[in-house]
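Inspection log for the structure reproduced underneath, given as structure tokens.
Order of the sequence lines sets the chain letters (A, B, ...), proteins ahead of strands, with each chain counted from 1.
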Protein chains: 2
Amino acid sequence: MTTQTRHHHGNLRPALISAGIDILEAEGISGLSLRKIAVRVGVSHAAPAHHFDGKIALLVAIAAEGFLIFSQMMEESRDKAAADPRSKLIGLCQGYLGFAAQHEALFELIFSTDVKNHADENLEKCSMQAFQLLQETCDLFEPSPHGNRSNAIMIWSLVHGYACLRANNKMVLFENETNTPLEMILPQMTPKTT
Amino acid sequence: MTTQTRHHHGNLRPALISAGIDILEAEGISGLSLRKIAVRVGVSHAAPAHHFDGKIALLVAIAAEGFLIFSQMMEESRDKAAADPRSKLIGLCQGYLGFAAQHEALFELIFSTDVKNHADENLEKCSMQAFQLLQETCDLFEPSPHGNRSNAIMIWSLVHGYACLRANNKMVLFENETNTPLEMILPQMTPKTT
DNA sequence: AACCATAACTTTACAGTGTCAAGTTTGTTT
DNA sequence: AAACAAACTTGACACTGTAAAGTTATGGTT
């Protein structure tokens, strides 16, 4: 009941995830260690082991949280956009790119091999939710003649690749077109008329 | 002149790079350590320090080598394709995807933050060469109304994103369309008539 | 109220990592 | 033959993740 220092932290699991995100954003993936997280939360270096089955499991939990922020930014940006399908899609993609730019390390983490190779139910749920947003926004358009979902695959690939290449500074190869807006590279698709 | 064990290895630098690639392909990025590389080459754990300024510098050298393989696969695949522009482009992109699939860890490395944040002349040269291939293949088509290079930006983003998402098994979300061929998502562009 | 089982956390220890400083061997130059 | 620089080794250090064993708090039962 009192707020004095207790032997039991009491809320350690979420605190570790939150501290992990902080360190991640400040120092990048390579600067993130279990022991640093433990110090920041004010707990012994072995404490995380009682809440996460190894470092990767903590990374996965952080990644799940990352997917939530990811979804949130995409949804918010889409909702702010005008009502027509193309504006909605561009808004969503701007959210995608915004997340990649503002949460560089987190973006790297959620698509990292470490995380992908560690099956986790909650992570699966959170990542599905993010891609569901993309899917349903693509569904505002007529399906491609090539198949129901090839629009979504194309858009997703396009915006993801664009985000990666921008993060890698590869776009500087294209001189001063560094900020090529989405409008230029998003292909024309026909909105549904329903 | 003799082949007996010498104190001096004599060819250590390239040997370290080569061993590094081997371990990388076998165990992934997280399994790659300087000491493992040293052991595999049959040299002391501190030997690499005399040829590379720290681990990252060795990773960068490996990445440069990776970009060479990358270019080689794209070029080979493009040259095997039919003569028309679209076939050439699809061939090149198949090389791109083939590299990402067959050299998963190397693909991850060459686009990693560690490597990108370490300026290196040779790496710059090798990566430029890879993207030059993509650029010149896109130049077989009429430039987009949005600008000279927006075709290349679009194609590059598209194929890179597609490669990443496939590597991350995210395509399973799209049921059995896992192997959606490039033809379906590559947009139509008008070949030059020269 | 006393007790105890269990969860939460600490302490200690260990193997593996990258890096540095100091030594040894080899090859080359003079 | 001597001197010197390059190539490599040895030993040490701080940091990492993980495991085992010990300590402290919590909640429930009687």
Nearest atoms (heavy-atom pairs only) where [X] meets [Y]:
X         : Y         : value
Glu183(A) : Ile90(A)  : CG-CD1, 3.6 Å
Asn151(A) : Glu142(A) : ND2-O, 2.8 Å
Asp84(B)  : Ser87(B)  : OD1-OG, 2.6 Å
Tyr96(A)  : His160(A) : OH-ND1, 2.8 Å
Lys192(B) : Pro143(B) : CE-CD, 4.3 Å

Round to the nearest Å and state the distance from [X] atom [atom1] to [N] atom [atom2].
X        : N       : atom1 : atom2 : answer
Glu27(A) : dC15(D) : CD    : P     : 13 Å
His50(B) : dG23(C) : NE2   : P     : 14 Å
Asn11(B) : dC8(D)  : CG    : P     : 9 Å
Phe52(A) : dC9(C)  : CZ    : P     : 12 Å
His51(A) : dT18(D) : NE2   : C1'   : 16 Å
Ile56(A) : dG17(D) : CD1   : P     : 11 Å
Ile23(A) : dC15(D) : CD1   : C1'   : 14 Å

Inset, instruction - Answer yes or no: is there an ion pair linking Glu104(B) with Lys116(A), defined by an N-O contact shorter than 4.0 Å? - result: yes
Inset, instruction - Residues of residues 108-121 of chain A with any non-hydrogen atom less than 4.0 angstrom from an atom of DNA chain D: list those, numerically ordered, please. - result: none
Inset, instruction - Select base, sugar-phosphate, or nothing to describe what Ala49(A) touches, counting heavy atoms under 4.0 Å on all strands. - result: nothing
Inset, instruction - Report yes if some heavy atom in the side chain of Ile110(A) is under 4.5 Å from a heavy atom in the side chain of Ser127(A); otherwise report no. - result: no
Legend entry - Polar side-chain atom of Lys36(B) near backbone of Gly31(B) as donor-acceptor pair, under 3.5 Å: yes
Which side-chain N or O atoms in residues 37-63 of chain B pair as donor and acceptor under 3.5 Å with protein atoms at least two apart or in another chain?
unit_1	atom_1	unit_2	atom_2	d
Arg40(B)	NH1	Asp22(B)	OD2	3.2
Ser44(B)	OG	Ala46(B)	N	3.4
Lys55(B)	NZ	Leu32(B)	O	3.1

Please list, pair by pair, any protein nitrogen or oxygen found under 3.5 Å from a nitrogen or oxygen in nucleotides 15-18 of chain C.
unit_1	atom_1	unit_2	atom_2	d
dT17(C)	OP1	Ser33(B)	OG	3.1
dG18(C)	OP1	Leu34(B)	N	2.9
dG18(C)	OP1	Lys55(B)	NZ	3.2
dG18(C)	OP2	Leu34(B)	N	3.0
dG18(C)	OP2	Arg35(B)	N	3.3
dG18(C)	N7	Arg35(B)	NH1	2.5
dG18(C)	O6	Arg35(B)	NH1	3.0

